[in-house]
Amino acid sequence: MAQRRKTHRTTSIVARFAIGSLVSCALAVFIGLGFASAGSGVSSDADTFGIDAVSASSAATDFSGATSDTLSTDSSSLAMETNRDISAGIESIEAEEEAARKAAEEAARQEEEARIAAAQQARAEQQATMNADAASAAAAQLSEVDWEVGKDAFVAEWSARIDAYLAGTNLAGYGSVFAEAAWDNGIDPRFSPAISNTESGNGQVCFRPYNAWGWGNSSWSSWEESIRAHVAGLASGYGYSITYAGAQKYCPPNYDHWFYNTLGQMMLI
């Protein structure tokens with residue numbers, strides 16, 4: 001009897017141990033499945049995150065491309081706008097330059113007309129004061145100077161004529177200076193060159209530096225300077241051209257000889 005109880009107790013213990021082992025195994029399996037499921041969830045999240053990252057990268061790439069296109073369009077628009085601005089500026093400058101050119105041409109035209117009018121007036125006034133005497137008659141034989149041709153033609157014609165007259169003298173080659181000075185002052189272009197012959201043999205014998213006209217006590221530093229000064233002085237003090245009264249003023253001691261000699265030289269030019 002005691003032996004059966006012992007055996008039954010042993011059997012119960014083994015059974016409980018076996019049941020405990022089964023329960024442990026079941027728990028282990030259940031826990032393993034749970035971890036697997038958890039691991040599967042992490043993997044899914046990781047996969048999802050990776051896809052999202054790729055999508056985000058692609059979106060970033062697309063956005064970068066869109067931004068590049070936008071910048072390119074903006075740059076092109078800016079360049080076109082800049083070109084328009086530059087073109088407008090150039091057109092404005094060209095218009096201003098054209099207006100300035102026309103204004104300068106008009107001013108030159110008006111100045112030329114004023115020079116012609118002043119010379120013609122001076123000539124008319126001189127002729128009105130001339131007497132009916134031999135000297136006036138001789139002076140009247142001088143050919144008329146044509147002022148209507150304008151400055152360029154006037155200077156070209158009289159430069160050549162005066163250069164031919166002065167060839168081989170100290171004043172050779174200064175025809176254009178005489179002609180330009182005559183135009184600027186509105187006097188007969190032959191007046192000053194002829195006086196230079198009467199007074200110094202066209203600059204051969206000057207009692208003052210570059211003074212070929214016996215002009216007071218004046219001296220200059222160049223022929224160009226002295227020519228312009230002498231022509232201006234004739235215009236302001238002696239009128240348009242040679243006269244007998246002017247000879248009396250210019251060379252009181254010997255005005256008659258001075259007048260006819262100078263007039264003869266003017267006729268040679």
Side-chain angles (χ1 to χ4, degrees), residues 86-130 136 139-167 171-196 210 212-213 215 218 220-243 245-246 250 262-263 265-269:
I86 293 174
S87 297
I90 292 173
E91 290 175 357
S92 177
I93 292 172
E94 289 177 344
E96 290 177 358
E97 290 178 346
E98 179 64 13
R101 183 187 65 79
K102 290 182 178 179
E105 288 180 351
E106 178 61 20
R109 185 188 65 79
Q110 293 180 0
E111 180 183 358
E112 185 170 280
E113 290 180 352
R115 297 284 188 190
I116 293 171
Q120 291 175 333
Q121 179 65 24
R123 181 175 60 191
E125 290 176 355
Q126 179 174 298
Q127 290 174 345
T129 60
M130 293 178 68
S136 296
Q141 295 178 23
L142 277 171
S143 61
E144 293 287 348
V145 175
D146 186 3
W147 294 87
E148 295 289 347
V149 296
K151 181 178 181 178
D152 291 343
F154 177 95
V155 171
E157 176 188 352
W158 289 101
S159 294
R161 292 173 67 163
I162 295 169
D163 277 336
Y165 170 73
L166 295 173
L171 289 170
Y174 286 92
S176 62
V177 180
F178 280 107
E180 288 171 4
W183 173 270
D184 292 341
N185 290 277
I187 71 169
D188 190 317
R190 299 164 289 192
F191 201 4
S192 181
I195 295 175
S196 75
Y210 297 99
W213 305 272
W215 193 250
S218 300
W220 293 275
S221 59
S222 69
W223 282 125
E224 182 170 350
E225 181 185 9
S226 63
I227 290 168
R228 294 186 186 280
H230 185 252
V231 172
L234 289 177
S236 63
Y238 296 86
Y240 174 76
S241 189
I242 190 169
T243 63
Y250 199 104
T262 303
L263 177 60
Q265 292 298 313
M266 290 178 70
M267 290 179 175
L268 295 175
I269 300 174

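Using a 4.5 Å cut-off on side-chain heavy atoms (C-beta onward), E180 and R228 make contact. With contacts defined as side-chain heavy-atom distances shorter than 4.5 Å, the pair W220/W215 qualifies. The closest side-chain heavy-atom distance from E112 to W183 is below 4.5 Å. I227 places a side-chain heavy atom less than 4.5 Å from the side chain of Y174. Within the 4.5 Å cutoff, side-chain heavy atoms of I93 are placed close to those of E97. Counting heavy atoms from C-beta outward, S218 and W213 have side chains that stay 4.5 Å or more apart. When side chains are defined from C-beta on, E94 does not count as touching E98, because their heavy atoms never get closer than 4.5 Å. Between P193 and L171 there is no side-chain heavy-atom pair separated by less than 4.5 Å.
Scanning for salt bridge (charged side-chain N to carboxylate O under 4.0 Å, His left out) contacts around E105 gives R101, with sequence neighbours left out. With sequence neighbours left out, A179 forms a side-chain contact (heavy atoms from CB on, under 4.5 Å) with V155, W158, S159.
The distance from the CD atom of E148 to the CD atom of E113 is 9.5 Å, given to the nearest 0.5 Å. Taking OH of Y210 as the start and CD of E224 as the end, the distance is 12.0 Å to the nearest 0.5 Å. Rounded to the nearest 0.5 angstrom, S136 OG and Q141 CD are separated by 11.5 Å. We find the CG-CZ distance between L142 and R190 to be 4.5 Å, quoted to the nearest 0.5 Å.
Shown here for M266 and A194, the closest heavy-atom pair between the two residues is CG-CB, 3.3 Å. Closest non-hydrogen pair, R123 versus V145, comes out as NH1-O, 2.9 Å. Between S192 and V231, the shortest heavy-atom distance links the atoms CB-CG2, 3.8 Å.
No donor-acceptor pair closer than 3.5 Å links the side chain of R115 to the backbone N or O of G186.
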- [ ] Check the pair Y250, T262 against side-chain contact (heavy atoms from CB on, under 4.5 Å), reporting the backbone distance first and the verdict last.
- [x] CA-CA 11 Å; Y250 199 104; T262 303; over 6 Å; no
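Taking the charged nitrogens against the carboxylate oxygens, E111 and K151 have no contact shorter than 4.0 Å, which rules out a salt bridge.
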Could you give the side-chain donor-acceptor pairs of residues 232-243 under 3.5 Å, partners two or more places apart or in another chain?
{"unit_1": "S236", "atom_1": "OG", "unit_2": "A232", "atom_2": "O", "d": "3.3"}
{"unit_1": "S236", "atom_1": "OG", "unit_2": "G233", "atom_2": "O", "d": "3.2"}
{"unit_1": "Y240", "atom_1": "OH", "unit_2": "W147", "atom_2": "NE1", "d": "3.1"}
{"unit_1": "S241", "atom_1": "OG", "unit_2": "D188", "atom_2": "OD2", "d": "3.4"}
{"unit_1": "T243", "atom_1": "OG1", "unit_2": "G246", "atom_2": "N", "d": "2.9"}

